[in-house]
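Below is one structure; the comments refer to it alone.
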Amino acid sequence: MTARASCLRPVIAALPKGGYPVTAVELERVHGVGQVRMLHLNESPLAPSPRAIAAIAAGAGTVNRYPEAAGAKLAEALSQRTGVAVDCMMFGVGSDELLHFCCAATLDDGDGCVLPEPSFPRYKASTRLMGGVIQAAKLRADGANDPDALLAAIDDSTRLLFVCNPNNPSGGLLDAADLERLIAGVPDRVLLVLDEAYWEFGLAAGGIDTLPLLAKRQGPWVVLRTFSKAYALAGIRVGYALCSSPEIAGALAKFKNTFSVTNLAYEAALAALDDQDHLRQLVDGCREQLARLDAGLRALGLTPLPTAANFISADLQRPVAPVIEALKAGGILIRDWREAGYETFIRITAGTAEDTDAVLEALRRELTRNA
Ligand SMILES: Cc1ncc(COP(=O)(O)O)c(C=O)c1O
């Protein structure tokens with residue numbers, strides 16, 4: 001073994017510097033902007049179910065105790081809804097953490113990870129952190145993952161394959177036939193991970209439940225979902241993995257800090273799950289604003305990508321950094337695609353009706369100013 005000068009693994013220097021997305025507090029401090037429109041993190045603009053809020057309040061007095069590690073009640077409730085056995089399930093501090101565990105459980109130095117590009121940045125970051133090799137497959141023109149490109153990217157080194165459906169940041173959704181082909185084409189020695197962070201929005205947009213298709217697969221799979229998006233619980237941090245077998249769930253569980261997910265999070269998620277009327281209201285409200293954003297962007301001469309998530313993307317056909325900065329100075333946060341080659345794309349999270357009016361007006365001003 002060769003001696004190295006630094007205590008840090010060499011891969012650390014190769015990773016981009018970690019940074020945090022801008023928050024409302026920071027924006028107010030830097031720009032003195034009073035009202036901030038948070039349209040950059042794909043959060044819900046509205047509060048979670050009152051039942052979830054009540055569950056958090058009710059649990060506040062018990063935080064002197066460590067949480068129940070396994071989240072048994074939530075697992076039972078999800079098992080009833082999905083048909084996935086409790087011992088094939090595990091929870092994480094958001095699905096972000098579970099994505100990382102999928103990389104940690106499968107990738108040794110030099111192992112390949114097939115992933116869509118552009119997509120959620122965590123796939124690449126965690127692959128690199130594990131010493132894995134990124135095997136990127138470009139999106140289809142409609143912004144969905146490209147099943148053929150993903151399958152073609154697999155080679156003998158591949159251990160893991162991510163599908164992001166609907167895809168962040170494009171919003172594209174795969175149909176049943178494409179998903180079936182993709183699921184059937186991934187070799188049994190590869191862990192197939194379907195990141196369904198926007199699943200509830202995808203269903204409302206005509207998407208399918210992938211679990212019956214996955215049940216036919218011999219090889220290992222994981223479906224990742226979250227309470228952060230449609231259930232409006234981003235701040236409490238709880239996501240879940242539905243796995244093909246107890247072996248896969250157990251592998252992910254080896255990376256979990258015992259008490260990482262709090263009781264407040266488990267109880268809030270359970271209460272939110274129980275309030276499907278509230279979920280429907282949030283999803284319907286989001287789709288209403290997406291339709292308005294789509295129409296408004298088209299009125300500005302743009303062609304937004306079709307979206308099945310809670311955000312919408314468009315190519316401004318010009319570098320977006322100055323536009324994003326100008327909107328930020330006015331208290332409106334939207335996001336670029338953070339991927340080389342896509343510097344002209346913006347992503348806007350669906351907010352309230354007022355957010356939609358404000359972001360469309362600000363974009364109109366910027367695009368006509370710089371025309
Ligand atoms: C595609 C995708 N997966 C996973 C996540 C992680 O969400 P969370 O950790 O809040 O569950 C996000 C968050 O934006 C996402 O866009």
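Remember, it's 1-based here, ligands and their atoms both numbered in the order they're listed. Predicted, not measured: the structure shown is a model, and the values here were computed from it. Sequential numbering from 1 along the given sequence is applied to the chain's residues.
The N/O atoms of Asp96, backbone and side chain alike, include one that comes under 3.5 Å of an N/O atom in ligand 1. An N or O contact shorter than 3.5 Å is missing between Glu97 and ligand 1 by distance. For a threshold of 3.5 Å applied to N or O pairs, the pair formed by Ser228 and ligand 1 contains at least one separation below that value.
Within the 4.0 Å heavy-atom criterion, the part of Cys164 lying near ligand 1 is the side chain and not the backbone.
Note: the hydrophobic cluster containing Leu161 does not contain Leu139 (ILVMFWY, side chain heavy atoms under 4.5 Å, direct or indirect links).
Of the listed residues (Leu41, Ile236, Thr226), the one carrying the non-hydrogen atom nearest atom 11 (O) of ligand 1 is Thr226. Here atom 7 (O) of ligand 1 lies nearest to Ser95 when heavy atoms of Gly94, Gly235, Gly92, Ser95 are compared.
Remark: Tyr342 pairs with Trp337, Phe345 by the ring pair (Phe, Tyr, Trp, His ring centres under 6.0 Å) rule, at least two apart or across chains. Remark: Phe255 pairs with no residue by the ring pair (Phe, Tyr, Trp, His ring centres under 6.0 Å) rule, at least two apart or across chains.
In this structure, Tyr198 has a heavy atom closer than 4.0 Å to ligand 1.
The pair Asp355-Arg37 meets the salt-bridge criterion, with a side-chain N (NZ, NE, NH1 or NH2) lying under 4.0 Å from an Asp/Glu carboxylate O.
Nearest protein heavy-atom contact of atom 9 (O) of ligand 1 is Arg237 NH2, 2.8 Å. Lys229 NZ, 3.2 Å is the protein heavy atom nearest to atom 13 (C) of ligand 1. Shortest contact from atom 1 (C) of ligand 1 to any protein heavy atom: Asp195 OD2, 3.2 Å.
When ring centroids are compared, Tyr198 and Phe311 come within the 6.0 Å threshold.
With contacts defined as side-chain heavy-atom distances shorter than 4.5 Å, the pair Asp195/Arg225 does not qualify. Side-chain atoms of Val163 and Leu192, non-hydrogen and from C-beta on, do get closer than 4.5 Å to each other.
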